[in-house]
S.K.: 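Have a look at the structure that comes next, please.
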Protein chains: 2
Amino acid sequence: MNDTKLIDIAAALGISVTTVSKALKGYSDISKTTRSRVLEMADTMNYRPNANAVNLRTNETKTIGVIIPATVHHFFSSVLNGILEEAENRGYLVIILQSNEKYELEKKQIALLLQKRVDGILISLSNETDDFSHINAAIKNNTPVVLFDKIAKMVDCSKVVINDRKAAYDAVTYLIEKGYKKIAHFRGSYVPQNSIDRFLGYKKALEDRGIAYDPSLVYMCDHNSDFEDGYVCAKKLVEDHKDVDAVFAITDLVAIGIIKYLNEINIKIPDQIAVFGFSNWFMSTVISPKLTTIDQPGYEIGHRAASILIDEIAQIKEHLPVTHQIVELPTHIIERESTLKTVEVPA
Amino acid sequence: MNDTKLIDIAAALGISVTTVSKALKGYSDISKTTRSRVLEMADTMNYRPNANAVNLRTNETKTIGVIIPATVHHFFSSVLNGILEEAENRGYLVIILQSNEKYELEKKQIALLLQKRVDGILISLSNETDDFSHINAAIKNNTPVVLFDKIAKMVDCSKVVINDRKAAYDAVTYLIEKGYKKIAHFRGSYVPQNSIDRFLGYKKALEDRGIAYDPSLVYMCDHNSDFEDGYVCAKKLVEDHKDVDAVFAITDLVAIGIIKYLNEINIKIPDQIAVFGFSNWFMSTVISPKLTTIDQPGYEIGHRAASILIDEIAQIKEHLPVTHQIVELPTHIIERESTLKTVEVPA
DNA sequence: GAAACCACCGAAAACGTTTTCGGAAAAATA
DNA sequence: TATTTTTCCGAAAACGTTTTCGGTGGTTTC
């Protein structure tokens with residue numbers, strides 16, 4: 001049990017705990033000589049301050065809490081990497097919790113984090129969440145909160161997002177400009193807002209280019225917005241609409257399901273049907289044809305959210321006014337094979 | 001600042017903090033009536049015990065630390081999900097750290113976790129780590145450690161692993177029994193042990209079946225054992241060996257790189273060359289042809305490791321003797337298209 | 001009616017720090 | 001030499017709990 005405390009160092013040196021503590025923290029009213037004696041003794045005795053005692057006394061834990069709604073995969077693992085990197089750099093520890101898209105669990109976890117006295121909270125809201133009193137409680141408790149990805153506009157705190165509507169709008173506009181006429185959309189369920197926004201971007205792009213919006217071209221992938229969804233909806237799509245020439249999927253996973261099905265039935269991508277994904281996950285470069293998609297900067301989202309949170313923690317500590325930021329990270333189109341028609345060689 | 005403490009409840013009720021504390025913790029020397037009064041008042045005042053004070057007093061934090069060597073992706077995200085799930089169920093919080101395969105960072109992070117007084121540590125070692133004094137320091141400090149995936153045999157603690165050598169042996173044996181004669185291996189670098197073990201399993205399987213081991217059929221994927229590695233080594237392979245008929249890759253990622261290349265140059269999988277992966281990551285069902293692979297149960301590894309750790313924490317608390325376990329989780333072959341030759345239709 | 005017992009409560013110490021405040025000795029000034 | 005200033009150190013309180021130990025007052029026992 002290698003557990004030396006201030007009092008042990010003090011005893012070994014024949015001085016008081018006060019002096020030891022001050023020496024370690026670099027107080028100016030300690031002489032050079034005693035300071036160096038303390039430092040050396042602390043080193044040889046392998047002293048590590050008891051974080052609990054320090055936390056209790058100083059009322060800060062150098063720890064932030066992160067709540068993500070879903071399993072650590074795909075998008076959220078990138079976000080997490082961004083958070084972990086920034087936290088490491090700034091000297092913070094991170095506690096991770098999963099709400100599994102459940103409001104009650106999310107609420108309980110916020111309470112838990114507050115009880116643990118984390119210095120701040122990063123959260124992407126669950127799909128069920130439509131009451132924000134637990135978030136406001138944290139904020140009122142002087143614990144800053146930064147929302148990312150799945151946010152609530154009405155909560156007064158910093159947020160880091162992408163513009164889903166614009167990104168979808170850009171994607172569909174791109175397809176139209178490439179000459180595609182009949183563009184289907186494989187959408188997500190009615191929650192969260194992100195899936196609605198992507199749908200709205202799709203619709204707006206069509207309307208702005210004078211293409212009539214046709215509800216029968218919109219397929220709901222509400223299973224899990226996953227691979228299977230794309231596969232089965234693609235099947236329905238080609239049965240319903242012989243002449244569709246492109247599809248914009250809410251997610252790369254869905255898009256890959258589509259590609260899989262079209263490959264199986266020998267429909268040429270993109271010559272017969274083009275496929276456009278969303279997120280730029282790893283698999284999108286692995287599939288054949290490689291998937292055109294929207295780059296969703298998960299790592300940057302996490303990095304930025306953590307950075308803002310830690311800034312706010314510092315501001316609160318200094319009793320400075322905290323200025324909330326709404327950061328909208330840019331997305332852009334990653335053009336790959338699934339929308340690039342092979343050039344016709346003139347005869 | 002919604003921050004009620006024991007003393008506030010005591011004041012509101014005109015009793016002592018002692019009584020409040022005991023009532024909340026269900027001590028038997030508090031009358032039913034005062035207990036219920038306290039409980040109700042605690043509820044209306046929205047009392048949450050200050051975890052730091054509790055931790056300091058009780059010397060336990062209900063928190064475990066997790067150190068993973070690489071980015072949260074693929075295998076480690078599954079492990080993480082298993083850990084998070086078990087921790088949630090058992091009432092533990094989890095702090096995540098990434099060592100980025102650096103020994104020095106890993107060492108620093110262990111010290112940090114001990115300083116934070118986590119109740120236990122879960123760690124998969126970095127590739128650089130060949131000195132284990134930091135791990136032993138934690139154990140000596142009465143903080144149980146469970147090693148998973150990348151372990152060190154010499155450290156005296158519980159471990160959760162798969163048998164890489166056997167899994168590889170099984171894979172190659174499977175290929176041989178399927179009739180493949182000239183089987184290449186795309187191996188990982190000389191660290192960690194897992195990659196060596198998979199190589200040894202490959203070699204042993206060949207020898208046991210009377211196939212001479214040919215070093216020129218082994219390619220080193222030491223870049224990152226990733227997609228690119230597989231792609232470029234596949235290119236070399238088909239140039240070097242016209243007659244190779246199967247390849248066993250250290251990782252699904254590498255295998256997918258191989259498939260990608262073979263698809264591009266129109267080599268039929270598996271009719272000309274079969275491909276066998278390792279890990280059963282998500283993409284292996286997405287690629288064409290679907291990849292035969294070894295199922296590496298990341299979720300179970302995390303789940304099990306966390307479970308053992310929390311058990312040991314309880315044992316230590318009760319001053320019971322701790323019994324270390326070495327758990328070897330079973331793997332099995334997931335047979336898919338990449339090794340299933342299309343049956344010849346008899347004329 | 002004294003002795004023994006029980007049910008209930010609270011004072012106080014402890015966990016390991018940080019920080020305020022005052023005080024002693026040494027140095028500088030007069 | 002007497003006074004002021006500077007330098008350095010330590011006592012003690014505080015952070016919010018938990019838990020030991022003792023002490024009431026009331027009830028039971030003989």
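Letters go in sequence order (proteins before strands), and every chain restarts at 1. Computed over heavy atoms, backbone and side chain alike; hydrogens, waters and symmetry mates excluded.
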S.K.: Take the protein atom CD1 of A:Ile7 and the nucleotide atom C1' of C:dT18, then report the distance between them rounded to whole Å.
M.R.: 15 Å
S.K.: Would you mind telling me which of C:dG10, D:dG16, C:dC9 lies closest to the side-chain atoms of B:Leu56?
M.R.: D:dG16
S.K.: Does the distance from a Lys or Arg side-chain N to an Asp or Glu carboxylate O, for B:Arg90 and B:Glu86, drop under 4.0 Å?
M.R.: yes
S.K.: I need the CZ-P distance between B:Arg117 and D:dT17, as an integer number of Å.
M.R.: 21 Å
S.K.: Compute the angle between the rotation axes at the two ends of the helix from C:dG1-D:dC30 to C:dA30-D:dT1, each taken over five pairs, rounded to 10 degrees.
M.R.: 50°
S.K.: B:Ile30 has an atom CD1; how far is it from atom C1' of C:dG10, in whole Å?
M.R.: 9 Å
S.K.: For B:Lys159 and B:Ala152, which heavy atoms make the closest approach, and how far apart are they?
M.R.: CE-O, 3.4 Å
S.K.: Can a side-chain donor-acceptor contact be found between A:Thr18 and A:Ser21 if the only test is distance below 3.5 angstrom?
M.R.: no
S.K.: Would you say C:dC9 has OP1 or OP2 under 4.0 Å from some side-chain N or O of B:Ser31?
M.R.: yes
S.K.: Please check the phosphate of D:dG10 (OP1 and OP2 only) for any side-chain N or O of A:Tyr27 closer than 4.0 Å.
M.R.: no
S.K.: Closest heavy-atom contact between B:Ser126 and B:Tyr103?
M.R.: OG-N, 3.7 Å
S.K.: Do the side-chain N or O atoms of A:Thr34 get closer than 4.0 angstrom to the phosphate oxygens (OP1, OP2) of D:dC9?
M.R.: yes
S.K.: Mind calculating the distance between CG (B:Asn50) and P (C:dT17) to the nearest angstrom?
M.R.: 17 Å
S.K.: Using the side-chain hydrogen bond (donor to acceptor under 3.5 Å, both in side chains) definition, which of the options A:Thr63, A:Asn142, A:Thr61, A:Asn59 pairs with A:Asp119?
M.R.: A:Thr61
S.K.: Using 4.0 Å as the upper bound for N to carboxylate O, is an ion pair formed by A:Arg117 and B:Asp3?
M.R.: yes
S.K.: Considering heavy-atom distances to DNA chain D, does B:Lys5 or A:Lys22 have its closest nucleotide positioned more toward the 5' end?
M.R.: A:Lys22
S.K.: Report yes or no: do A:Glu85 and A:His303 form a side-chain donor-acceptor pair below 3.5 Å?
M.R.: no
S.K.: Specify the separation, in whole Å, of atom CZ of B:Arg57 and atom P of C:dT17.
M.R.: 16 Å
S.K.: How long is the line joining CG of A:Asn52 and C1' of C:dT18, in whole Å?
M.R.: 15 Å
S.K.: Has A:Thr19 got a side-chain N or O lying under 4.0 Å from the OP1 or OP2 atom of D:dG10?
M.R.: yes
S.K.: Within the 4.0 Å heavy-atom criterion, would you say A:Leu6 contacts the bases, only the backbone, or no part of the nucleic acid?
M.R.: base
S.K.: May I have the distance from A:Leu13 (atom CG) to D:dC9 (atom P), rounded to whole angstrom?
M.R.: 11 Å
S.K.: On a heavy-atom basis, which atom in A:Lys150 and which in A:Pro69 lie closest, and how many Å separate them?
M.R.: CE-CG, 3.7 Å
S.K.: How many whole angstroms separate atom CD of A:Glu60 from atom P of D:dC15?
M.R.: 17 Å
S.K.: Mark yes or no for a side-chain to base donor-acceptor pair under 3.5 Å between A:Asp29 and D:dC9, with no hydrogen or angle criteria applied.
M.R.: yes
S.K.: Do A:Thr18 side-chain and D:dA12 base share a donor-acceptor contact under 3.5 Å?
M.R.: yes
S.K.: Pick the closest DNA chain C nucleotide for A:Lys25 and for B:Gly14 by heavy atoms, then say which residue is nearer the 5' end.
M.R.: B:Gly14
